[in-house]
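Structure first, commentary second.
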Amino acid sequence: MLQVKNLKVNYGAISALHGISLEVKQGDIVTLIGANGAGKTTTLKAISGLLKVDGEVLYNGRNIANVAPHKLVGLGMAHVPEGRMVFANLTVAENLQMGAYLQRDKRAIEHDRAFVFSIFPRLAERQKQIAGTLSGGEQQMLAIGRALMSRPKFLMLDEPSLGIAPILVKTIFEKIVEINQKQGITILLVEQNANLALEVSRYGYVLETGHIILQDSSAALRQNPKVKSAYLGG
Amino acid sequence: MSEFLQQVINGLSLGAIYALIALGYTMVYGILRFINFAHSDVFMVGAFMGFYAGKILPHESMLGGIGALVFAMLVCAILGILIERFAYRPLREGSKLTVLITAIGVSLLLESGGQYLFGADPKSFPMMFPSKEFSLGGIAISSNQILVFVATAVLLVALQFIVLKTKIGTAMRAVSFNPQAASLVGINNDVVISFTFGIGSALAAVGGILYSSNYPSIDPYMGILPGLKAFVAAVLGGIGNIPGAAMGGILLGVIETFVNGSRYSTYTDAIAFTVLILILLFKPAGILGKLHVEKV
Ligand SMILES: Nc1ncnc2c1ncn2[C@@H]1O[C@H](COP(=O)(O)OP(=O)(O)OP(=O)(O)O)[C@@H](O)[C@H]1O
Ligand SMILES: [Mg+2]
């Protein structure tokens, strides 16, 4: 589904990604883990078109490097950005409406909204609330729900656990698996919480200062001594 | 008492015109966070389009008047969209200061371009709408003033409807809050920004025609002072805030009219602006403006 080849990103004179390559197969959950500042967010932004890049990003065989983000949404790509970025000045319902911005079919929108409410019932109760006044966890649900409203085939999540109580983190990860299994949506997951990320994913990449230093099945990565000591706190 | 009411009516009708212009400043600021200094010249072009429409369309008729309005709105909407497309968009990633300076450049270009195309000498604006004076218990109110009230009210309601209830309006608010997040849901920011410029410029065109109907001498530099005041009105109401811009415009119009009718009339602008500075000292974000609080 997605193949990244020799991807490079610079912020002015600073190079943040030094030519990374990775692959996400259809139907998979793949995770990208790494310490603060490793370049995880940069990778996702580069794929979704928010950053100018060098290298190739093949999406269903087509090179989409440097294609504008709003066009990629039309191709079935969705990106839940770091820090959620819900439209804090809009209501929950309006945020979801914007998620379906490119969708013309009213019935399909209704159907998707019902699906989003089925996995995040909290959002259904709070449709009229201004998104900026939601709790952090609720905002994360809204950000994911908004992304689902675009009917993605490929979903990128940037630290869905950020700033959320552990118990809610568990719920959100269960939902992510549910989205992958029920809707057949392919997922690329960026996480600081490597334990959790390697638990739900099938394959993983480890990013360190702009290089991919390790890649393996998630099960193997969890046993890898290097990963254990550096990222799993043991 | 009746003199007081008279001043209120005159002030409201002047303020309504400031409000129409202020909306364009505030909408563009809301979405791009910069002041489009060329907006006051779009207002001037609107007035001239009304003037030229008057060469063909019947005078003193509702049909002719509305025809002139529609024509000027169309031309100005296109002008506004072109200005954004060719002068501002290429600089969008650059510093705000660069865009600001470009806006001043575009403003000067429109003024000298107007001088070249329309001529530098003042022209007398035709009476496009039917004109009548009514008297209500000693208060004079002209059909022109009624027109200003009705047009402003209708346009304000329509604008609020677009911004609050339609999909494109919701997209405008989304882009205004976070353009990156907006692009990630599939919103083409360029389209939304063009739309914003188009609407703001069309409103300035209405302002230009209504202003010229009340002060019927037009020239290529006529936009400067009303434009400046409308800008101040937008800041006063809380820049980026649509109802705020309308309120700011009306407040400014009323203050100005009252000072003008007093024995301090020589100092009208000075006094009006002092009042504004005082208001801003106590409410720095403007009357309806609020500072965004973001959850992280
Ligand atoms: N806009 C920017 N300008 C300059 N440097 C940047 C910019 N954004 C990120 N960087 C730098 O690029 C590197 C990678 O940042 P990135 O945000 O991708 O890290 P990350 O892996 O997502 O970290 P975290 O886990 O803290 O979110 C960091 O060194 C960061 O300082
Ligand atoms: Mg990050």
Side-chain angles (χ1 to χ4, degrees), chain A residues 44-45 48-52 67-91 93-104 109 130-140 142-143 145-152 156 158 162-163, chain B residues 26-27 29-33 85 89-90 92-95 160-196 238-245 285-286 288-296:
Chain A
L44 295 198
K45 283 183 166 179
S48 65
L50 288 173
L51 296 173
K52 288 272 158 281
V67 172
H70 67 92
K71 290 186 183 147
L72 298 181
V73 177
L75 298 176
M77 189 184 280
H79 177 178
V80 180
E82 186 174 55
R84 310 180 270 269
M85 294 194 194
V86 297
F87 301 120
N89 56 337
L90 307 189
T91 63
E94 285 171 336
N95 267 275
L96 294 177
Q97 184 202 359
M98 285 298 100
Y101 189 75
L102 297 177
Q103 184 68 258
R104 306 239 168 263
I109 296 177
I130 297 289
T133 64
L134 293 173
S135 76
E138 289 163 349
Q139 290 193 13
Q140 187 62 58
L142 180 58
R146 182 180 66 184
L148 291 175
M149 291 301 291
S150 70
R151 289 218 160 173
M156 295 190 284
D158 197 343
L162 193 76
Chain B
T26 225
M27 287 168 73
Y29 184 87
I31 214 152
L32 290 179
R33 304 286 184 280
R85 173 68 191 77
R89 190 178 302 176
R92 207 186 287 156
E93 310 300 324
S95 94
Q160 278 299 76
F161 177 81
I162 292 175
V163 171
L164 295 177
K165 300 284 176 210
T166 68
K167 189 167 161 183
I168 182 85
T170 312
M172 281 168 73
R173 286 180 287 143
V175 172
S176 146
F177 185 75
N178 187 332
Q180 278 204 349
S183 70
L184 287 181
V185 297
I187 297 172
N188 184 343
N189 286 1
D190 290 342
V191 170
V192 172
I193 290 167
S194 291
F195 182 79
T196 307
I239 189 99
N241 183 305
I242 289 176
L288 294 186
K290 41 184 177 272
L291 305 166
H292 270 301
V293 185
E294 234 172 291
K295 263 210 180 100
V296 186

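Excluded from the calculations below are hydrogen atoms, water molecules and symmetry mates; all remaining heavy atoms, backbone and side chain alike, are included. All chains are named by letter (A, B, ...) in the order of the sequence lines, taking the proteins before the strands, and each is independently numbered beginning at 1.
Side-chain contact between A:Leu102 and B:Val185: absent, with no pair of heavy atoms (C-beta onward) separated by less than 4.5 Å. Side-chain contact check for A:Phe87 versus A:Met98: some heavy-atom pair is nearer than 4.5 Å.
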A:Arg84 and A:Leu142: side chain to side chain contact (heavy atoms under 4.5 Å, CB included), yes or no, with the steps? CA-CA 8 Å; A:Arg84 310 180 270 269; A:Leu142 180 58; over 6 Å; no
Go through it in stages, so that I can follow the logic: the residues are B:Phe195 and B:Ile168, the test is side chain to side chain contact (heavy atoms under 4.5 Å, CB included), and I'd like the CA-CA distance, side-chain angles, deciding distance and then a yes or no. CA-CA 9 Å; B:Phe195 182 79; B:Ile168 182 85; 3.7 Å; yes
For side chain to side chain contact (heavy atoms under 4.5 Å, CB included), just list the numbers for A:Leu50 and B:Gln180, CA-CA rounded to whole Å, side-chain angles, deciding distance to a tenth of an Å, and then say yes or no. CA-CA 7 Å; A:Leu50 288 173; B:Gln180 278 204 349; 4.0 Å; yes
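Counting heavy-atom pairs under 4.5 Å between each of B:Ala181, B:Gly186, B:Ser176 and chain A puts B:Gly186 at the top.
Contact of A:Val80 with chain B is not made at all, since no heavy-atom distance falls under 4.5 Å. If you measure heavy-atom distances from A:Lys71 to chain B, you find no contacts under 4.5 Å at all. For A:Ala100, the part lying near chain B is the backbone, with the side chain staying farther off; criterion is any non-hydrogen pair under 4.5 Å. With a 4.5 angstrom heavy-atom cutoff, A:Glu82 does not touch chain B via any of its atoms.
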